[in-house]
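One structure is given below, encoded as structure tokens.
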Amino acid sequence: MAEEISKGYQPGDVETQWYSRWIDAGCFRGDESADKPSYSIVIPPPNVTGILHLGHVLNNTIQDVLARRARMEGKDVLWLPGTDHAGIATQSKVEQKLRKEEGKTRRDLGREAFLEKVWEWKEEHGGIIIQQLKRLGCSCDWDRERFTMDADYSRWISKVFVDLFNEGLIYRGKRMVNWCPKSLTALSDEEVIMKPQKSKLYTMRYRVAGTKDGGGPDQWIEIATTRPETLMGDTAVAVNPKDKRYADLVGKMVIRPFPEAEIPVVADDHIDPEFGTGVLKVTPAHDKNDFAIGLKNNLEIIDVFHPDGTLNAFAGPEFEGMDRFEARVKTAEKLESMGQLVKVEDYENSVGFSERADVPIEPRISMQWFLKYPCVEEAAAAVANDEIHFRPDRWKKTFAHWMEGIQDWCISRQLWWGHQIPVWYRKENAADIQSRESLDATSAGDDIYVGIDPPGDADQWIRDEDVLDTWFSSWLWPFATMCKSDEESSPTLKKFYPTTDLVTGPDIIFFWVARMIMAGFRWQGEVPFKNVFFTSIVRDKKGRKMSKQLGNSPDPLDLIAEFGADALRFGLMRIAPMGTDIKFDEDQIVEGRNFANKLWNAARYRQMQEGAVETGPVDFASLSIYSIDILARLDQLERDIAMAYEDYRFNEIAQLLYDFWWSHYCDWYLESSKGDFFEEGNPAARASTLATMDLVLKRFLLLVHPFMPHITEELWEKIGYREAGDPEFLMQTRLPAGGVLEGQDKDAIAKARAKTQAVYESVGRARNLKAEYGLGANKNVKFIIDPEGGSFDQAAVFQRLAGAGEVIVSPGFKAEKGLPVALTAIGKIYLPLEGFIDVEAERARLGKELDKTQDELKKVNAKLSNENFVTRAPDEVIKEMKERQKHWQQRVDELTRMIGNLGV
RNA sequence: GCGCGAAUAGCUCAGCGGUAGAGCAUCUCGUUUACACCGAGGCGGUCGGGGGUUCGAAUCCCUCUUCGCGCACCA
């Protein structure tokens, strides 16, 4: 039953209490045995040790809105939550802590002990982001929470690996990969971020072999490079075969200055004669293109770096142990001292950085596992033909482009935290294989065992030390969370797969979305989701990305504490357009808070009126014109919102809710109907208005609930809108079908609404008039209305809304000259004020209005006298224009007459 | 270099072929019995520049400028 509503809304306790009640009642549980239509989302799993940022808030609020709306539409909803083990990120954090607290590295501890530490860390910090999502109000089915390193889930990873290996899609090979010298692991192409750098372009010269020692003239070849520190690994120089300048050098040898050696000059189409000197130093071990040239020309590969980016023994004793960037300077100095450095120029180029460690990656040859993607065509087609609907759909193009140029995926990582590769090597050969010296392994055999479970005679084997890329587990998320790998068919999978919507950021379209689609086809034979909604990226006020370093990322939990989760949700949703970035400003959350308070107080106002809650069908005949108007607006709102949901236009929905409530319901409807409560005399009108208020408020709470779940649930209970037979909570309540005015006389509705608009418009003009005479807030002014058509029966409402002490309806009122007047839809409104009559002032005022009116009329007349317009514009536009012409013409006539009446 | 966005009131953004809008900020009034997290009113814009299409362009097309984001190249 109804409970008293306090004066100001305090979200804190209300929100946490409702959340507990929903959880206790199992409201979020996805029911796989029910037979209602299903609706499902899998959460983009946040890093297990991560903390909530605004991007998460936006993303998860959208998912919660979708899930809650779907429930209220009567669907069986599963929103499946979970977390990601986030290989590099998590391992680095723990390594950092280990270094700081114990001064040890992971190798000091050994694999097993280190992993124990990581699990400890995970247990300690792993729940934080989940708790934060709960505080936000997310209606995930927490009983089904998954973690990418759960035993069941891990089994899927192994199964997938084995399947792909057996198909020949996964292979092991020595390839040029992106190596992170800080994390000491290979990375995929997607984990490398190109950043523009201010570098130097060094031009050096190598002597052509035999040109001096042989007694001939000294001959040099000039070579431009940005990386002189790799020259010790040069095994050739290359020129374009069409380049005449160097044609005679091809096939000859040049002298690498240190360690001194003769290296050949080769020809390769890849060389751009326009760049630098047109000569490229070829370092097959340290550049992707050089590697290719090296293969073609059968060149020696000399790796001069240690894995951590310092130089090794091949670089020579004076550089051994030196960092690559220091070596860049030192090698240049050495060249200079040898007289072989021609010039150094400033140069801007892009350098690939490790996404996680933020250091330049090093192209490096190493033995890694690679994947040729499965089901590429199916995935590309599914998006191209909208079987999977991207929103906004321009991402289709980005997706298609990536799918076309798709490269094999380096899936092995030299980390410990993650899914260890399910491959074992026979012990006697293991040393060789593990040292990464062996050639490609593309099939199992006597020496290699690939399987979900370890080989029977496990002590005869050694497991591959590497783990898999974190995304190699993420790409299975939509189905691996729903079933164990050895199950024939899980009921959850059957009911909820494919999922309905995926809500994620466009930044992981390749990392995650594309790969999930391919995995979905490969292991479930169909798409993993039907819609992908790409969210905006949340930036700060100045348009910068949120980052820890800048300190421009507000903690959502602080915002929730200050304004409430509902306010944060609503504020963010209201400014989150589809597909473009949003600039975050705390004021937007303040508005969310204010809106919650407005809703609260309007509900409180209803509760202060005596009268039982009554939300049955309306007695149309009893309704005031204002009630008809607001109910018609409510029906329109429900239709508009339903359409906006179809297109995922969340910001529009939030705006529609905001405008309806604040402007139409509170500012106009409630104010216009106050007379029914504050004035004696008409119990029938009072009852009718109260019923209208209940109807609007009840339905409005249902509409707002997905955006602001807590406050709506609270008000629902406090006012007592739950009826016999209704579910326990608002969140479980079905949206009503059909509008409240459905089936009523359309003409009567239109007439009532037109009259309401006339009154509201006139009130506006009356307020205007008051303000112009400096009486904006004066409650004691008198208005005299000379009504259009001879009568006006809404004087009481007019008086209240216009803020007047008295309103006299006087048909044919004969005004004194100079009496302030406004022309309105309901007639002429006079503002008689003793001592204020001033013919000149009024003439000036009316003259100004006449000018404006004439301008409008001129515009309309110009249009209508344009023959092209009259013959070509659509009928309804012409009709509207003619009405406008009539309106302005009448106004001009009237104003002219009134000014004339003022005398010359 | 290729592609994709964005540019509208001081700020954050809606509008995307038919009289330029909202919220915030600012200014003026107002403590009216839901709400000062409020109410009423005002100020403020040649819709980035230039072309074009159209009876009509913030809206469609072209072009330029600025900013952002992908992809590719980078000796």
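Since the model is a prediction, treat every value here as computed from it, not as a measurement. Below, chains carry the letters A, B, ... as their sequence lines are ordered, and counting in each starts from 1.
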> Which residues satisfy the side chain to side chain contact (heavy atoms under 4.5 Å, CB included) test with A:Pro360, sequence neighbours excluded?
Replying inline: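 Applying side chain to side chain contact (heavy atoms under 4.5 Å, CB included) to A:Pro360 gives A:Arg324, A:Phe325, A:Val351, A:Phe353.
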>> Can you classify the ring geometry of A:Phe390 versus A:Phe399 as parallel (below 30°), tilted (30 to 60°) or perpendicular (above 60°)?
In response: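 Plane angle over 60°, so perpendicular.
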Take atom [atom1] in [N] and the same atom in [M], then report the distance between them in whole Å.
| N | M | atom1 | result |
| --- | --- | --- | --- |
| B:rU31 | B:rA20 | P | 38 Å |
| B:rA34 | B:rG41 | C1' | 22 Å |
| B:rG52 | B:rG15 | C1' | 24 Å |
| B:rA25 | B:rC37 | P | 11 Å |
| B:rU53 | B:rC62 | C1' | 10 Å |
| B:rG50 | B:rA57 | C1' | 15 Å |
| B:rG42 | B:rA9 | C1' | 14 Å |
| B:rU8 | B:rU54 | C1' | 22 Å |

Could you list the donor-acceptor pairs under 3.5 angstrom formed between side-chain atoms of residues 656-670 of chain A and any protein atom two or more places apart in sequence or on another chain?
| from | atom 1 | to | atom 2 | distance (Å) |
| --- | --- | --- | --- | --- |
| A:Asp659 | OD1 | A:Gln655 | NE2 | 3.2 |
| A:Asp659 | OD2 | A:Gln655 | NE2 | 3.4 |
| A:Tyr669 | OH | A:Ser627 | OG | 2.7 |

>> Can you list, in residue-number order, the parts of residues 283-293 of chain A that come under 4.0 Å of RNA chain B, counting heavy atoms only?
In response: A:Asp287, A:Asn289
>> Using a 3.5 Å limit for the pairing distances, which stems of at least 3 consecutive Watson-Crick or G-U wobble pairs does RNA chain B take part in?
In response: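 Correct response: B:1-7 with B:65-71, B:10-13 with B:21-24, B:26-30 with B:38-42, B:48-52 with B:60-64.
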Using the side-chain heavy atoms of [X], tell me which of these nucleotides is nearest: [options].
| X | options | value |
| --- | --- | --- |
| A:Met881 | B:rU19, B:rG18, B:rC74 | B:rG18 |
| A:Val877 | B:rG18, B:rG23, B:rC71 | B:rG18 |
| A:Arg394 | B:rG18, B:rC4, B:rA22 | B:rC4 |
| A:Glu591 | B:rC73, B:rG23, B:rC71 | B:rG23 |

Would you mind classifying the nucleic acid contact of [X] as base, sugar-phosphate or nothing, using non-hydrogen atoms under 4.0 angstrom?
| X | result |
| --- | --- |
| A:Glu652 | nothing |
| A:Thr226 | sugar-phosphate |
| A:Asn866 | sugar-phosphate |
| A:Pro506 | nothing |
| A:Ile271 | base |
| A:His270 | base |

Is it the case that the side chain of [X] and the backbone of [Y] share a donor-acceptor pair, with hydrogens and angles ignored and the cut-off at 3.5 Å?
| X | Y | answer |
| --- | --- | --- |
| A:Gln340 | A:Arg205 | yes |
| A:Asn297 | A:Ile293 | yes |
| A:Asp566 | A:Ile711 | yes |

In whole Å, I'd like the distance from the [atom1] atom of [X] to the [atom2] atom of [N].
| X | N | atom1 | atom2 | result |
| --- | --- | --- | --- | --- |
| A:Phe399 | B:rG5 | CZ | P | 18 Å |
| A:Gln197 | B:rC73 | CD | P | 17 Å |
| A:Lys863 | B:rU54 | NZ | P | 15 Å |
| A:Arg765 | B:rG41 | CZ | C1' | 14 Å |
| A:Ile223 | B:rC74 | CD1 | P | 17 Å |
| A:Phe660 | B:rA14 | CZ | C1' | 20 Å |
| A:Asp585 | B:rG23 | CG | C1' | 11 Å |
| A:Phe534 | B:rC4 | CZ | C1' | 13 Å |

Identify each donor-acceptor pair in which a side-chain atom of residues 761-768 of chain A lies under 3.5 Å from a protein atom, sequence neighbours left out, and give them as a table.
| from | atom 1 | to | atom 2 | distance (Å) |
| --- | --- | --- | --- | --- |
| A:Ser762 | OG | A:Ala758 | O | 2.5 |
| A:Ser762 | OG | A:Thr824 | OG1 | 3.3 |
| A:Arg765 | NE | A:Leu823 | O | 2.9 |
| A:Arg765 | NH2 | A:Glu849 | OE2 | 2.8 |
| A:Arg767 | NE | A:Leu801 | O | 3.1 |
| A:Arg767 | NH2 | A:Leu801 | O | 3.0 |

> Counting just side-chain N and O atoms, does A:Lys281 come under 4.0 Å of either OP1 or OP2 of B:rA75?
Replying inline: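 No, A:Lys281 has no side-chain N/O under 4.0 Å of OP1/OP2 on B:rA75.
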> Run the salt bridge (charged side-chain N to carboxylate O under 4.0 Å, His left out) check on A:Arg606 and A:Asp694 step by step: do they pass?
Replying inline: CA-CA 8 Å; A:Arg606 183 269 164 258; A:Asp694 275 329; 2.5 Å; yes
>> Walk me through whether A:Glu345 and A:Lys200 qualify under salt bridge (charged side-chain N to carboxylate O under 4.0 Å, His left out).
In response: CA-CA 5 Å; A:Glu345 296 158 292; A:Lys200 305 274 183 205; over 6 Å; no
> Does the side chain to side chain donor-acceptor pair (under 3.5 Å) test come out yes or no for A:Lys281 and A:Thr283, once each step is laid out?
Replying inline: CA-CA 6 Å; A:Lys281 71 192 253 316; A:Thr283 324; 3.0 Å; yes
> Which parts of nucleotides 26-39 of chain B does protein reach within less than 4.0 Å, heavy atoms only, written one letter per nucleotide 5' to 3' as B for base, S for sugar-phosphate only and - for none?
Replying inline: ---BS-B-BB-BSS
>> Is it the case that atom NZ in A:Lys296 sees more than 12 heavy atoms from other parts of the structure closer than 6.0 Å?
In response: yes
> Are the charged groups of A:Glu856 and A:Lys852 less than 4.0 angstrom apart, N to O?
Replying inline: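 Answer for the salt bridge query: no.
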> Are A:Glu671 and A:Lys674 ion-paired here, with the side-chain N under 4.0 Å from a carboxylate O?
Replying inline: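 A salt bridge is present here (some side-chain N lies under 4.0 Å from a carboxylate O).
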>> Please evaluate residues A:Asn601 and A:Tyr9 with respect to the criterion side chain to side chain donor-acceptor pair (under 3.5 Å), reporting the C-alpha separation (whole Å), side-chain torsions for both, the decisive distance (0.1 Å), and the verdict.
In response: CA-CA 8 Å; A:Asn601 277 293; A:Tyr9 175 52; over 6 Å; no
>> If you assign A:Ile575 and A:Trp668 each to the RNA chain B nucleotide with the nearest heavy atom, which residue ends up on the more 5' nucleotide?
In response: A:Ile575
